[in-house]
Each structure stands twice: as C-alpha cells, then as structure tokens.
Participant: 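This is the structure, below, for whatever I ask next.
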Amino acid sequence: MSMFSRKNKKIFALTMMMMPGFIWLLLIRYLPMFGIVMSFQDYTINYRNPSLLSNILNSPFNGLNNFRFVFQSDRALVMIRNTLGYNALWIVLTMVVAVAFAVMLSEITRPLLARIYQTLMFFPYFISWVVVAYFVYAFLAPTYGLLSDMSNWYFNPDGWPVILTLATLWKTVGYSCILYLAAITGIDRGLYEAASIDGATKWQQVWAITIPSIRPMIIILFIMAVGRIFNADFGLFYTVTRDSGPLYDVTTVIDTYVYHAMLGSATELGMSTAAGFLQNLVGFFCIMTANTIVSKIDNESSLF
Amino acid sequence: MNPEKEYARMGKRSITNSVSLPAEVIIHIITAAFVICCILPFIFIIIISFTEESSLSSIGYSFFPQAWSAEAYDSLFKVGRPLWLSFFNSIVITVIGTGLSVLVCIMYSYGMFRRDYPYRKFFTFIAFFTMMFGGGLAPTVMVCRALGLNNNYAALIIPALVSPFNFIVMRTFFKTSISESLIESAALDGSGEFNTLFKIVVPIAKPGIATIALLNALAYWNDWYLALLYVDVRDMYPLQYFLMQMQNNIEFLKRNAAIMGGGVAMEALAEMPSESLRMALCVFIVVPIAFAYPFFQRYIVAGLTIGAVKE
C-alpha cells in the first residue's frame, strides 16, 4: 500500500516540476501553431470584438491565395535565392575555416598562447548584432567611415554579399572552432606517436588521423546546419544592413520578409503567415531528413 | 571536457612529434592575424569613442585621431534618465529572466533525466518538437500580445524563458554527474522529490547550472529582438534596443531633413548625440561582457561542447 502511494506521490511531484516549462511551451509555442490558419484566411479585424480569437473565427477563408500572392511578388525568388545561397556558402566556409583553425590551434606547442587565441576568437560570439552593426558602421558610414571613400555602402548593394559573409565568419568561426577543438583534444595521442614512429610527417598525420577522427563531428554540424538552411539570422540581415531599402535585392531573406510583411496591411499579414508557415514546413522536413541521415552515420549523435 | 587540462596534456606531448619550427611560426602568424581581426572592431570603437569631435569632422573615424577627448563619456552620462532607465531595464530583465529560466530549466530537464518517471518521453517530445516546427513569427507575436505581453517587463522576459537546447545541455549534465542510486537512497531516506532536487541534485550539478545561467544571462543582456517585437514605449527599452533606436532616430531625421529643407529637423539633429557618443554607448554595453568574459568563458565552452555532442 505504501509503495503504491509513494510512487504516485513521486510521479505527481515530478509532473509538477514539468508544469512551468510545459505551460510555457503550450502557450508560447503550441498555441501559435493554431494561428497558421491565418495563412488560409483573409484576416479581417472584427470591430465588434477585436480580439485575436474573434478576428480569426470571423475572417473568411481564401484558399491558397496568400501563398499565391507570396509567389507572385517579385520578392519571392529573391528571398529564397538569398536565404539558400548565403546559408549554403556560409555552412561550407565556416566549416572549412573553423576546422583549419582548430587543427592549427591543436598543433601549437605553447598551451598558453593557444588558449589566448581561442579565448579571443570566441569573443565575437557574445556580441549582439546591434553592436556588430555599429562595428560595421564604423567602417562603412557615409563620410565618417574608414572605407567611406570606396562606395556609398548603405545605398550600393554590390559589396554586401562580401560584408555579410565576413560578419558571419567573424561572429561564428570561434564557436565552431571550439566544438572541433573539443573533438580533436579527445583523440588518443598514442595514434600520433605511432604514426610518427612509422615516419609519417605532421601534415600526413593531420590528414590521416585528425581529420578522420573529427569527421563525425564535421558531418553532424554540417547536416544540422543544412537542416536549418531555410532559416536566416534575422539580426544579421536586419541590423547590420540597417534595414536599408536600396540593399534589399541582396539582403532580403525569408525571415526579414516575414517580419516586414507582418507590419504591413492585412493582406500582407496573410502573406507573412503563409511565408512563415512554408518556411517552417520545409524546414521541418529538412531537419527530419538531416536527422535520419545523422542517425544512419552515428546513432549516438542524432537529435532524437 | 576540461580545456585547461587538455591544453596541459597537449603541452606535454613529446617534442619529437610536433610541427616543425617554421610551420609553427606560420600557424602563429595566421592565427594571430585572425585573432586581431576578431578584436580589431572593438578597439576601433573604443578609439572612436575617445576621439575629439573636431577630429571626427575633419578626418572621420580613424585608428589615429588628430585629438583625443573623453567628452563623449561626459555627454553619455548627461543623456540622463532615458539611458539610466534602459540600463536599469536591462539589469532587471537579465536578473529576473536568468533566475526564472534557470529554475524552469532545472525542473523540466530533471524530469527528462529521471528514468523512473513514466511521462519522461512525452515531455521530452513536447519540448523537442518545438525545435523543429513552430507557428511562425506573426502568429507567435499575435498570440503573445493577446496574452498581455505588450510594453511590460513580462514581454521582455517570458517569450525567451524556455530553450529546449538548454534542456538538452542540462539533462546531459545531470546524466554525467548524478547517479540513480543517489536519488534512490535519498527517496528511501524519506526525501521528497523537490527536496531531493534542490538540496541534493542542484548542489552537485552546480557547474552545469552555471553554464545555463550564463547562457541565459548573455541572451537577456544582449536582447533587442523582443523589444523590437513587443515594446514601443521608450521607458521600457533595454540598453541594446536603446542603442538601436538611437541610430534609427538619427537616420530618420537625416532623411527628413533633406526633404523638409532643414529647419526643425536640423535643429533636432543638432541636439541628437554625437557620433562619438554612440560609440561610447557601444563600449558601455560591451565592457561588462568583456570584463566578465575571461571568467565565464570556460563554463560556456563546457556547456556548448556538451550540448553539441549530446553524449
């Protein structure tokens, strides 16, 4: 008898512990999922009772019109191209640069220096995009900026693919580098000693031992990044570009489009919801696919 | 997982099998160049903030200003109430937000960690699913506003309260540091679940909790996104958003000054903080992070490596 009640008491107590997080997830994550219905509606405000629920219940459905509007606008192709293009480029670049630095850091024979390098490299990760925007502005500002003679940066889109790429590498390489470095430090040192006795040069050791040993980590980070290829970093594209209109051709991504459309008219709100829904849906399948692939390669490392 | 130990071990490896001296010199040059690039913008901002206004108007932003001055910091403190209010807001949001999110995270991930808890899989799935799918920006914002998250501290805290990623990190910390027999014996001694968690488990998992707390504190201190979505009253601005809006206001006035032919807008522009002042505000925001960074860095490294590897 006491066993039974004690077990129930335990389950009850643990369930109570889950409640704050669970309620948050229900209200802030699951409740908005019902709002997806707006992407199939002509959202109209019901002036008699303008609450969100009554607006949604009283708005007429318009089939797939919102989706059609999104794809008919000239922004659609641009934002998909930008989101996929930048992400694809940055996934590869970040990986190559971060792995290179991780390997180099691991070969430095002065531990103190290696630690200083790693610490300073990681620092940009902790700076918000708002502050990064000021960093970039110090270089590109009209008349005052260090590089202001070269171009009217915030009106001329030409340089921005490079600027955005540099800003991303600046902020993220240190982070990835630390993950790879952790994988490298986990490699059995005996492998290197054995290789060197067999006459392998350091360069050969890197390619024959280091890279193959951290391959699971490389693949996992790579695939997880590919799973999020439809999600752009809103902070980068919104704050660093100062949301400058003349640059939109190379700086509009799905996330900034969804944000701007949300602030617009009721029609645009529908388009914002539709675009956001599509992004989430496609993203969901990307992550599921990525995870299936990861679990095939290394079951331990899959997300679920 | 302890970087210091790892480095010590790396330092001790045999000298015969390490990179040749020229190769190491090249490595140092490349890495140092990148590291300098990483901190250069920060140094640049500091220099600008100490540049005299006259030097700015003659040669613009420069690493080598004609004249130095701490005037920007003087006028920064003269901005007065709006700045201090934002500073106060950021501190309140960071302290309360970190405290609450750590509490929620500890309890939720503890349930996910307990193998003898029958609903463990259900709650784990509920949290994980939100990492893969969501309602999208517009519905989330509209629901949050409808729930009353609008121009108040709650709006700046609650939407960022929960992170399933942190749940994974915390659960891994529990897995690596807490043995099941410890919990069983506590239960046999008559310790209730809450007592076991907060009196026995939490003290052992302190390093993990420190990681989570730091990640959350940084996220709240750096936050401007929630302010962008949910706040339009100036008195509620956190520091980061204050900095962001400062720029927007100036851009707006500049654009309109041209259209309106100067006059009012130009006058307002003259009263706006100077270029160096904005950079001083940047420094003011980054300095607390920069000073705390060497101390918290290793906790975050430990947390991130665990979260990513998910042992």
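In what follows, chains are A, B, ... by sequence order, proteins preceding strands, each numbered from 1.
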Participant: Look at the aromatic rings of A:Phe284 and B:Phe133 and report parallel, tilted or perpendicular, splitting at 30° and 60°.
Facilitator: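 Geometry flag for B:Phe133 against A:Phe284: perpendicular rings.
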Participant: Given heavy-atom pairs under 4.5 angstrom as the criterion, report whether the side chain, backbone, both or neither of B:Ala32 touches chain A.
Facilitator: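 Both backbone and side chain of B:Ala32 come within 4.5 Å of chain A.
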Participant: Quick one: does A:Tyr134's side chain have a donor or acceptor within less than 3.5 Å of a partner on B:Met244's backbone?
Facilitator: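 No, the answer is negative, given that no donor and acceptor are paired below the 3.5 Å cut-off.
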Participant: With a 4.5 Å heavy-atom cut-off, do B:Met107 and A:Met18 have their side chains touching?
Facilitator: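 Heavy-atom side-chain distance check fails, nothing below 4.5 Å.
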Participant: Considering non-hydrogen atoms only, spot the tightest contact between B:Cys38 and A:Leu120 and give its length.
Facilitator: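 Smallest heavy-atom distance, with atoms named: CB-O, 4.0 Å.
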Participant: Identify which of A:Ala138, A:Gly35, A:Gly276, A:Pro124 forms the greatest number of heavy-atom pairs closer than 4.5 Å to chain B.
Facilitator: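 Heavy-atom pairs under 4.5 Å are most numerous for A:Ala138.
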Participant: Answer yes or no: does atom CZ of A:Phe12 have more than 12 heavy-atom neighbours from other residues, nucleotides or ligands under 6.0 Å?
Facilitator: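 No, not enclosed.
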Participant: Between B:Glu24 and A:Thr109, is there a donor-acceptor pair closer than 3.5 Å when you use the side chain of the first and the backbone of the second?
Facilitator: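 Flag set: sc B:Glu24 to bb A:Thr109 pair under 3.5 Å.
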Participant: By a 4.5 Å heavy-atom criterion (distance strictly below it), what part of B:Phe122 contacts chain A: side chain, backbone, both, or neither?
Facilitator: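 Contact with chain A: side chain only.
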Participant: Looking only at heavy atoms and a cut-off of under 4.5 Å, which of A:Arg228, A:Arg110, A:Met121 has the most pairs with chain B?
Facilitator: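 Heavy-atom pairs under 4.5 Å are most numerous for A:Met121.
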Participant: I want to check something: taking the side chain as every heavy atom from C-beta on, are B:Phe34 and A:Met104 in contact at a cut-off of under 4.5 Å?
Facilitator: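 The answer is no; the side chains never approach within 4.5 Å.
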Participant: Hey, which of B:Tyr293, B:Phe42, B:Trp221 is the one that makes ring-ring contact (aromatic ring centres under 6.0 Å, His included) with A:Phe126?
Facilitator: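 Between A:Phe126 and the candidates, ring-ring contact (aromatic ring centres under 6.0 Å, His included) is satisfied uniquely by B:Tyr293.
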Participant: Select one option (side chain, backbone, both, neither) describing which atoms of B:Ile30 are under 4.5 Å from chain A's heavy atoms.
Facilitator: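 For B:Ile30, backbone and side chain are both near chain A.
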Participant: Quick one: are A:Phe285 and B:Met132 in side-chain contact, heavy atoms under 4.5 Å?
Facilitator: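 The answer is no, as the side chains (C-beta and beyond) never meet within the 4.5 Å cut-off.
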Participant: Identify which part of A:Ile116 has an atom lying under 4.5 Å from any heavy atom of chain B, answering side chain, backbone, both or neither.
Facilitator: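 Neither part.
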Participant: Quick one: does A:Thr273's side chain get under 4.5 Å of B:Pro139's, heavy atoms only?
Facilitator: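 SC-SC contact between A:Thr273 and B:Pro139 confirmed.
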Participant: Would you mind reporting whether B:Gln297 and A:Gln118 have side-chain heavy atoms less than 4.5 Å apart?
Facilitator: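 Yes; the side chains approach each other to less than 4.5 Å.
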Participant: Count the heavy-atom pairs under 4.5 Å between each of B:Leu218, B:Val141, B:Ile126 and chain A, then report the option with the highest count.
Facilitator: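 Most pairs with chain A among the choices: B:Ile126.
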Participant: Output the option from B:Ile158, B:Ile39, B:Ile285, B:Leu147 having the highest count of non-hydrogen pairs under 4.5 Å with chain A.
Facilitator: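 Looking at each of B:Ile158, B:Ile39, B:Ile285, B:Leu147 in turn, B:Ile158 comes out on top.
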Participant: Using a cut-off of under 4.5 Å on heavy-atom pairs, state which of B:Val143, B:Ile289, B:Ile48, B:Val286 scores highest against chain A.
Facilitator: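 So the answer, after comparing B:Val143, B:Ile289, B:Ile48, B:Val286, is B:Val143.
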Participant: For chain A, which candidate among B:Ile36, B:Asp223, B:Ile300 shows the most heavy-atom pairs at distances under 4.5 Å?
Facilitator: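 Most pairs with chain A among the choices: B:Ile300.
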Participant: Out of A:Thr119, A:Val37, A:Val258, which one racks up the most heavy-atom pairs below 4.5 Å with chain B?
Facilitator: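 Maximum pair count with chain B is reached by A:Thr119.
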Participant: Which atoms of B:Arg120 are under 4.5 Å from chain A, going by heavy atoms: the side chain, the backbone, both sets, or neither?
Facilitator: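 Neither part.
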Participant: Under a 3.5 Å distance rule, please check whether A:Trp24 uses its side chain to pair with a backbone N or O of B:Ala160 as donor and acceptor.
Facilitator: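 Here the side-chain-to-backbone pair does not exist.
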Participant: Ignoring hydrogens, what is the shortest heavy-atom contact between A:Met262 and B:Leu229? Give both atom names and the distance.
Facilitator: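 Closest heavy-atom pair between A:Met262 and B:Leu229: CE-CD2, 4.1 Å.
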Participant: Go through B:Gly135, B:Gly60, B:Gly111, B:Ser57 and name the one with the most non-hydrogen pairs under 4.5 angstrom from chain A.
Facilitator: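 Looking at each option in turn, the highest pair count goes to B:Gly135.
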Participant: Considering non-hydrogen atoms only, spot the tightest contact between B:Cys282 and A:Val131 and give its length.
Facilitator: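 What the structure gives for the nearest pair is SG-CG1, 4.3 Å.
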Participant: For chain A, find which of B:Val162, B:Ile45, B:Thr31, B:Ile106 contributes the most heavy-atom pairs closer than 4.5 angstrom.
Facilitator: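 The answer is B:Val162.
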Participant: Contact part of B:Leu40 toward chain A, heavy-atom cut-off under 4.5 Å: side chain, backbone, both or neither?
Facilitator: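 Neither the backbone nor the side chain of B:Leu40 comes within 4.5 Å of chain A.
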Participant: I need the A:Glu107 CD to B:Ile27 CD1 distance, nearest 0.5 Å.
Facilitator: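 If I round to the nearest 0.5 Å, the distance is 6.5 Å.
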Participant: Examine distances only and state if a side-chain atom of A:Asn280 and a backbone atom of B:Gly134 form a donor-acceptor pair shorter than 3.5 Å.
Facilitator: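 Yes: the side chain of A:Asn280 pairs with the backbone of B:Gly134.
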Participant: Under 4.5 Å, counting heavy-atom pairs only, tell me which of A:Ile36, A:Thr143, A:Leu53 racks up the most with chain B.
Facilitator: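 Of A:Ile36, A:Thr143, A:Leu53, A:Ile36 has the most heavy-atom pairs under 4.5 Å with chain B.
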Participant: Does any heavy atom of chain A fall under 4.5 Å from the side chain of B:Leu100, the backbone, both, or neither of them?
Facilitator: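 No part of B:Leu100 comes within 4.5 Å of chain A.
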Participant: Calculate, to the nearest 0.5 Å, the distance between atoms CG and OG1 belonging to A:Leu31 and B:Thr140 respectively.
Facilitator: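 Going from CG on A:Leu31 over to OG1 on B:Thr140, the span is 9.5 Å.
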Participant: State yes or no: are the ring centers of A:Tyr238 and B:Tyr225 separated by less than 6.0 Å?
Facilitator: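 A:Tyr238 vs B:Tyr225: aromatic centres not under 6.0 Å.
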Participant: Indicate yes or no: at least one non-hydrogen side-chain atom of B:Tyr241 is less than 4.5 angstrom from one of A:Val130.
Facilitator: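 No; the side chains remain at least 4.5 Å from each other.
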Participant: Which atoms of B:Ala290 come close to chain A, meaning under 4.5 Å heavy atom to heavy atom: side chain ones, backbone ones, both, or neither?
Facilitator: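 Backbone plus side chain of B:Ala290, per the 4.5 Å heavy-atom cut-off to chain A.
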Participant: Please check this pair: side chain of B:Tyr108 against backbone of A:Phe22, looking for a donor-acceptor N/O pair closer than 3.5 Å.
Facilitator: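 Pair absent, no side-chain N/O of B:Tyr108 close to backbone of A:Phe22.
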Participant: Is B:Leu161 close to chain A through its backbone or its side chain, or both, or neither, when contacts mean heavy atoms under 4.5 Å?
Facilitator: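 Backbone plus side chain of B:Leu161, per the 4.5 Å heavy-atom cut-off to chain A.
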Participant: Heavy atoms, side chains only, cut-off 4.5 Å: are A:Trp203 and B:Val19 in contact?
Facilitator: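 Counting from C-beta outward, A:Trp203 and B:Val19 never come under 4.5 Å.
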Participant: Are the charged groups of A:Lys7 and B:Asp116 less than 4.0 angstrom apart, N to O?
Facilitator: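 The answer is no: the pair does not qualify as a salt bridge.
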Participant: Is A:Gln205 close to chain B through its backbone or its side chain, or both, or neither, when contacts mean heavy atoms under 4.5 Å?
Facilitator: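 Answer is side chain: those atoms of A:Gln205 sit under 4.5 Å from chain B.
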Participant: Please flag which part of A:Val173 lies under 4.5 Å from any non-hydrogen atom of chain B: side chain, backbone, both or neither.
Facilitator: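 For A:Val173, the contact with chain B is made by the side chain alone.
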Participant: So B:Trp224 and A:Phe234, would you call those rings parallel, tilted or perpendicular, with 30° and 60° as cut-offs?
Facilitator: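 Taking A:Phe234 first and then B:Trp224, their aromatic rings lie parallel (interplane angle under 30°).
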Participant: Can you tell which part of B:Cys144 gets under 4.5 Å to a heavy atom of chain A, answering side chain, backbone, both or neither?
Facilitator: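 Just its side chain gets close to chain A.
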Participant: Would you give the length of the straight line joining atom CZ of B:Phe129 to atom CZ of A:Arg29, rounded to the nearest 0.5 angstrom?
Facilitator: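 Taking CZ in B:Phe129 and CZ in A:Arg29, the distance rounds to 12.5 Å.
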Participant: With a 4.5 angstrom heavy-atom cut-off, which part of A:Leu146 approaches chain B: side chain, backbone, both or neither?
Facilitator: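 It is both, since atoms from each part get that close.
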Participant: Decide yes or no for B:Glu193 and A:Lys9: does some side-chain heavy atom of the first lie under 4.5 Å from some side-chain heavy atom of the second?
Facilitator: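 Answer no - side chains too far apart.
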Participant: Going through the checks in order, is the side-chain contact (heavy atoms from CB on, under 4.5 Å) test met by B:His28 and A:Tyr117?
Facilitator: CA-CA 9 Å; B:His28 276 289; A:Tyr117 290 149; 2.9 Å; yes
Participant: Can you check side-chain contact (heavy atoms from CB on, under 4.5 Å) on A:Lys10 and B:Tyr117, steps first, answer last?
Facilitator: CA-CA 8 Å; A:Lys10 178 187 85 184; B:Tyr117 177 50; over 6 Å; no
Participant: So does A:Ala141 get a backbone contact from the side chain of B:Tyr61, meaning a donor-acceptor N/O pair under 3.5 Å?
Facilitator: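 No: the side chain of B:Tyr61 does not pair with the backbone of A:Ala141.
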Participant: Measuring from B:Leu149:CG to A:Ile28:CD1, what's the distance to the nearest 0.5 Å?
Facilitator: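 With rounding to 0.5 Å, CG (B:Leu149) is 5.5 Å from CD1 (A:Ile28).
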Participant: Do you know which of A:Phe34, A:Trp170, A:Phe277 has the most heavy-atom pairs with chain B at a distance under 4.5 angstrom?
Facilitator: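 So the answer, after comparing A:Phe34, A:Trp170, A:Phe277, is A:Trp170.
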Participant: Heavy atoms only: give me the nearest B:Leu56-A:Tyr144 pair and the separation to one decimal.
Facilitator: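 Shortest heavy-atom contact: O-CE1, 3.6 Å.
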Participant: Please classify the contact between B:Ala23 and chain A as side chain, backbone, both or neither, with a heavy-atom cut-off of under 4.5 Å.
Facilitator: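 Contact with chain A: none, neither part.
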